[in-house]
Participant: 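Below you'll find the structure I mean.
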Amino acid sequence: MTSRPLPLLCVPLLALPLLLGGASPAAAVEFRFGTNEGNAINGRAAATLTGGGFALSLGTTAPGAVIAEISQSGMGVNSGAIAGVTDGSTDKFDLLGGVSPLSGMGEQISFSFDQPGVLTGLDFDGVKDEDYEFFLLQTATSTDLYFFDSFAGSTADPSLIDVPGMVVFLQEDPQLGGGSPIDDRSPTLAIPFAAGQEFLLTYGELAVGGGGNGARLQGITVRAVPEPAAAALVGCVLTLGTAGRRRAT
């Protein structure tokens, strides 16, 4: 069985910055997504949310696509207005169909913050191990991270998980989304970022022939960087818990 080609934006593998400084960690700031969050971002190509001293800017990357926040389970991307594209799950991130040059690509958003900080967590809904669904997180100053369901490395065939970056297995968290056991939380991350530094989050599948039906983003968690640590984003560090590294051959 061969892996499905991934038509995803490629970013060179670079060192992860190390956050230096002796100040105690700031409190975590959570940005939650879903119709019960009152974000008023549904149907918009770009939006800004504020919380805990941060301004989070996020938006779709394909012209014509918009943010879809029409489910309590989280946020997706609606690409139905793009010419030649079919979007089978307009309330989720999924692979695009149709006859457009974008067909077969995974839906994607970008996000950034107005001040330096540390990305400490990402929460998802519906990332399925049977179809090797994943989310790819990319930024210019860190290794590409591929987020797979917690069972993808055990109940599924782990030999299929062969990607040009670091694999992170999500953890089921029944406390998310009103107790739903299908919600997936990342192990603790520690990815420092500068003000305005862009992250790209892209949906994908490794299963031959597809078969996945998409997944949603439920939350982004960050914390502030006290000075002078904000000016010392150098070195290499990442805390991933149950994470493993695999590279494409």
Participant: Check the side chains of E69 and T35 for a donor-acceptor pair under 3.5 angstrom, ignoring hydrogens and angles.
Facilitator: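 Their side chains do not contain a donor-acceptor pair, so the 3.5 Å distance test is not met.
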
Participant: Taking side chain as C-beta onward, heavy atoms only, is K128 less than 4.5 Å from N213?
Facilitator: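 Contact flag for K128/N213 side chains = yes.
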
Participant: Start with the C-alpha distance between T61 and Q108, add both sets of side-chain angles, then the distance that settles side chain to side chain donor-acceptor pair (under 3.5 Å), and finish with yes or no.
Facilitator: CA-CA 6 Å; T61 59; Q108 180 184 76; 2.9 Å; yes

Participant: Rounded to the nearest 0.5 Å, how far does OG1 of T139 lie from CZ of F193?
Facilitator: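 Atom-to-atom, F193:CZ and T139:OG1 are 10.0 Å apart.
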
Participant: Between the main-chain N or O of G98 and the side-chain N or O of S103, is there a donor-acceptor pair closer than 3.5 Å?
Facilitator: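 A pair under 3.5 Å: yes.
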
Participant: Would L96 end up clustered with V66 when hydrophobic side chains under 4.5 Å apart are linked, directly or stepwise?
Facilitator: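 In one cluster: no.
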
Participant: Indicate yes or no: at least one non-hydrogen side-chain atom of L170 is less than 4.5 angstrom from one of V127.
Facilitator: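 The answer is yes; the side chains approach within 4.5 Å.
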
Participant: Using every non-hydrogen atom in the two residues, find where T202 and G106 come nearest and quote the distance to one decimal.
Facilitator: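 Result for this residue pair: CG2-O, 3.7 Å.
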
Participant: Could you tell me if the side chain of Y132 sits less than 4.5 Å from the side chain of F134, heavy atoms only?
Facilitator: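 No, every pair of side-chain atoms sits at 4.5 Å or beyond.
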
Participant: Give the minimum heavy-atom separation between I82 and A62, together with the two atoms involved.
Facilitator: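 Smallest interatomic distance, heavy atoms only, reads CD1-CB, 4.0 Å.
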
Participant: Side chains of Y203 and E133: do they bring a donor and an acceptor to under 3.5 Å?
Facilitator: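 A pair is found: one side chain offers a donor N or O, the other an acceptor, under 3.5 Å apart.
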
Participant: Would you check if the side chain of S100 reaches a backbone N or O of L102 as a donor-acceptor pair within less than 3.5 Å?
Facilitator: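 Here the side-chain-to-backbone pair exists.
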
Participant: Are any non-hydrogen side-chain atoms of D87 and N78 less than 4.5 angstrom apart?
Facilitator: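 Yes; the side chains approach each other to less than 4.5 Å.
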
Participant: Does some side-chain heavy atom of T48 sit less than 4.5 Å from a side-chain heavy atom of L56?
Facilitator: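 Side-chain contact under 4.5 Å: no.
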
Participant: Decide, yes or no, whether a salt bridge links K92 with D125 under the criterion of side-chain N to carboxylate O below 4.0 Å.
Facilitator: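 Between D125 and K92 there is no salt bridge, as every charged N stays at least 4.0 Å from the carboxylate O atoms.
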
Participant: Got a sec, which pairs hit salt bridge (Lys or Arg N to Asp or Glu O under 4.0 Å) with one end in residues 93-120, sequence neighbours left out?
Facilitator: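 Pairs touching residues 93-120 that pass the test: none.
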
Participant: From S142 OG over to L189 CG, what is the distance, rounded to the nearest 0.5 angstrom?
Facilitator: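 Rounded to the nearest 0.5 Å, the OG-CG separation comes out at 10.0 Å.
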
Participant: Mind checking whether F147 and D184 have side chains closer than 4.5 Å, heavy atoms only?
Facilitator: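 No, every pair of side-chain atoms sits at 4.5 Å or beyond.
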
Participant: Which pair of heavy atoms, one from N36 and one from Q72, lies closest together, and at what distance?
Facilitator: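 Reported closest heavy-atom pair: OD1-O, 3.9 Å.
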
Participant: Is any side-chain heavy atom of L137 less than 4.5 Å from a side-chain heavy atom of D144?
Facilitator: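 Sidechains of D144 and L137: no contact.
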
Participant: What about V29 and I41, same hydrophobic cluster or not, with Ile/Leu/Val/Met/Phe/Trp/Tyr joined at side-chain heavy-atom distances under 4.5 Å?
Facilitator: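 Cluster IDs for V29 and I41 match.
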
Participant: Could you measure the distance from the CD atom of E198 to the CZ atom of F111? Nearest 0.5 Å is fine.
Facilitator: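 The distance works out to 9.5 Å.
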
Participant: How many angstroms lie between atom CZ of F124 and atom CZ of F93, to the nearest 0.5 angstrom?
Facilitator: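 CZ of F93 is found 8.0 Å from CZ of F124.
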
Participant: Distance from D123 atom CG to T221 atom OG1, nearest 0.5 Å?
Facilitator: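 Separation between the atoms: 5.5 Å.
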
Participant: Which atom names give the shortest non-hydrogen contact between I67 and M75, and what distance separates them?
Facilitator: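 Scanning both residues, the minimum pair turns out to be CG2-SD, 3.4 Å.
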
Participant: Under a 4.0 Å N-O cut-off, is there an ion pair linking R216 with D91?
Facilitator: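 Counted as a salt bridge, because a side-chain N and a carboxylate O are separated by less than 4.0 Å.
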
Participant: Does a donor on one side chain and an acceptor on the other come within less than 3.5 Å for S112 and Q197?
Facilitator: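 No donor-acceptor contact under 3.5 Å links the two side chains.
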
Participant: For a quick test of reading the model, state the closest non-hydrogen atom pair linking V77 to I109 and the distance between them.
Facilitator: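 Where V77 meets I109 most closely, the heavy atoms are CG2-CG2, 3.7 Å.
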
Participant: So does L122 get a backbone contact from the side chain of S186, meaning a donor-acceptor N/O pair under 3.5 Å?
Facilitator: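 Yes; at least one donor-acceptor contact below 3.5 Å.
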
Participant: Return yes if some donor-acceptor pair links the side-chain N/O of N39 with the main-chain N/O of R32 below 3.5 Å, else return no.
Facilitator: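 Here the side-chain-to-backbone pair exists.
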
Participant: Filter on ring-ring contact (aromatic ring centres under 6.0 Å, His included), then keep only pairs touching residues 31-77, sequence neighbours left out; what's left?
Facilitator: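 Passing the test, one end in residues 31-77: F54-F113.
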
Participant: Considering non-hydrogen atoms only, spot the tightest contact between A81 and G64 and give its length.
Facilitator: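 That closest heavy-atom pairing would be CB-O, 3.8 Å.
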
Participant: Got a sec, which residues hit side chain to side chain donor-acceptor pair (under 3.5 Å) with N42, two or more places apart in sequence or on another chain?
Facilitator: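 N42 satisfies side chain to side chain donor-acceptor pair (under 3.5 Å) with no residue once adjacent residues are dropped.
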
Participant: Is S89 reaching over with its side chain to a backbone N or O of G214, donor-acceptor style, under 3.5 angstrom?
Facilitator: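 Checking the backbone N and O of G214 against the side chain of S89, no donor-acceptor pair under 3.5 Å is found.
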
Participant: Could you check if a side-chain atom of P187 sits within less than 4.5 angstrom of a side-chain atom of F169, using non-hydrogen atoms only?
Facilitator: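 No; the side chains remain at least 4.5 Å from each other.
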
